[in-house]
Amino acid sequence: MSGNRPIKFRILEILLDGKERWNYEVVSKIQEEYGMRSNFHRDSINFDILELASGGMLKDVEQKVDEDGIYKKGFLLHKYVITDFGKARGSDACLRYV
Amino acid sequence: MDLKSLKKQESKRKISKGYMWALFCAVFWGIWYLPGTVVWVLNPFDEMYGAIAETGGDGTALIVTAVLITAFNALTVMLALMLWNGVLGKYGELVRTMKEFHPCSKWFFLASIFGGPMAILGSFIAMGFIGGAFAAVAALLYPVVGSILAYYWYGEKISKRAAIGIGVIIVGGVTIFGGGLLTELSSGNVQWIGYLGGLMAAAGWGIEGAIAGKGLDISEPDVGLTLRFVGENIIWWIIIVPILAVFGYPMYSFALQAFEPMTLLVLIFAGITFGFCYVCWYKSFPLIGVGRGQGIGNLYGLFAIIFIFLFFGDVPQWTILVGGTLCVIGSFVMFTEDTSELETLRGE
């Protein structure tokens with residue numbers, strides 16, 4: 001099933017269980033599933049998460065400074081949870097396959 | 001740096017990025033009116049207009065010619081976007097998104113109906129009947145349609161300040177629009193089809209933005225907008241152009257004549273500027289919202305007037321200058337909005 005749906009669908013699908021996840025966890029999972037290894041793709045996937053958050057589908061619940069360089073050293077790491085609107089849009093788009 | 005200031009810095013970066021995309025959209029969009037105006041006097045479109053006008057009258061000739069020009073515009077925009085997606089390595093995502101017709105890509109095809117046969121055709125009609133500067137400023141009213149639809153349909157927030165900014169922009173647009181209309185009214189020769197084209201552009205783009213937002217929620221803008229132009233090409237080349245050909249209009253014979261260097265160059269120029277204006281437009285929406293993205297993008301009206309003045313030497317009327325200034329002021333009212341309000345754009 002993985003790797004054959006639009007990336008934003010998959011991001012919502014991953015978060016649909018309502019658990020909070022760090023952006024680097026989601027990004028690296030997508031990178032692995034879709035075989036997108038480059039830094040360009042990493043940033044592009046992270047931008048998808050940003051877009052979903054500013055679209056009101058994900059909520060940024062916690063931030064920490066990336067001291068160790070897990071994702072990008074010196075930048076912020078974000079923890080996201082899906083919103084009700086995100087659940088509605090996500091299950092609209094994703095659940096018929098689950 | 002502590003967490004709080006880093007957070008603030010990041011949010012600021014996101015919002016300024018959104019405004020930057022919107023501003024680029026305005027520049028590209030403004031430039032687009034140059035090839036859009038020039039293409040009317042190039043063959044085969046000039047000859048086509050003459051040939052149809054002989055038998056069918058000026059009005060029909062202009063609309064049928066506008067259809068063919070819009071169809072070629074859609075084609076070159078799609079090619080430019082295909083190239084763009086190739087550079088970004090997004091063909092895989094393009095196919096994945098296209099397959100999701102029900103939840104996603106149907107919104108892009110729906111948006112293409114309002115964007116293509118309504119907004120872009122209307123713009124070309126306005127350019128052909130009245131002129132590039134008018135076509136550009138007539139469409140300035142589209143954020144009203146877009147913002148109101150986005151507000152009622154998916155509850156996008158419009159702050160008081162953004163509403164004031166949009167209001168000022170509209171007053172500016174109406175000033176420019178009204179100036180030309182009043183001059184024509186006094187001379188007793190009003191090009192109503194041209195003004196209708198202007199209104200089609202305003203309503204079409206407003207509706208397009210609001211509909212496209214539904215699909216953009218859950219897809220990547222580069223991909224979404226390419227699909228929107230794939231939709232428009234289907235509408236023109238598979239539906240409308242063949243239908244007009246069946247009715248006896250010489251669509252194909254003139255379409256084949258478009259492959260001459262100068263015409264192709266102008267069409268490609270139109271495709272690149274318009275394609276990238278859309279890329280920037282759609283990229284700004286998720287960052288600053290449909291209403292604001294459209295508001296800043298609205299500066300294109302002023303850019304179009306400046307470019308038309310620089311390249312064609314058309315000196316604008318004073319109403320156009322006053323209206324243009326109002327548009328800048330309105331956009332800056334929105335631009336200087338307190339950024340903290342923007343952290344979540346939609347109600348939860």
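No hydrogens, no waters, no symmetry mates; every other heavy atom, side chains included, goes into these values.
Residue pairs meeting the ring-ring contact (aromatic ring centres under 6.0 Å, His included) criterion with at least one member in residues 74-100 of chain B, sequence neighbours excluded: B:W84-B:F276.
Under the side-chain hydrogen bond (donor to acceptor under 3.5 Å, both in side chains) criterion, A:R42 pairs with no residue, sequence neighbours left out.
Both tests pass for A:K72 against the ring of A:F75: distance under 6.0 Å to the centre and angle within 45° of the axis.
Under the 6.0 Å cut-off for aromatic ring centres, B:W281 and B:W29 qualify, their centroids lying closer than that.
Neither the backbone nor the side chain of A:D84 comes within less than 4.5 Å of any heavy atom in chain B. Neither the backbone nor the side chain of B:K4 comes within less than 4.5 Å of any heavy atom of chain A. Residue B:T97 touches chain A through both its backbone and its side chain, counting heavy-atom pairs closer than 4.5 Å.
Heavy-atom pairs under 4.5 Å with chain A peak, among B:V223, B:V95, B:L88, at B:L88.
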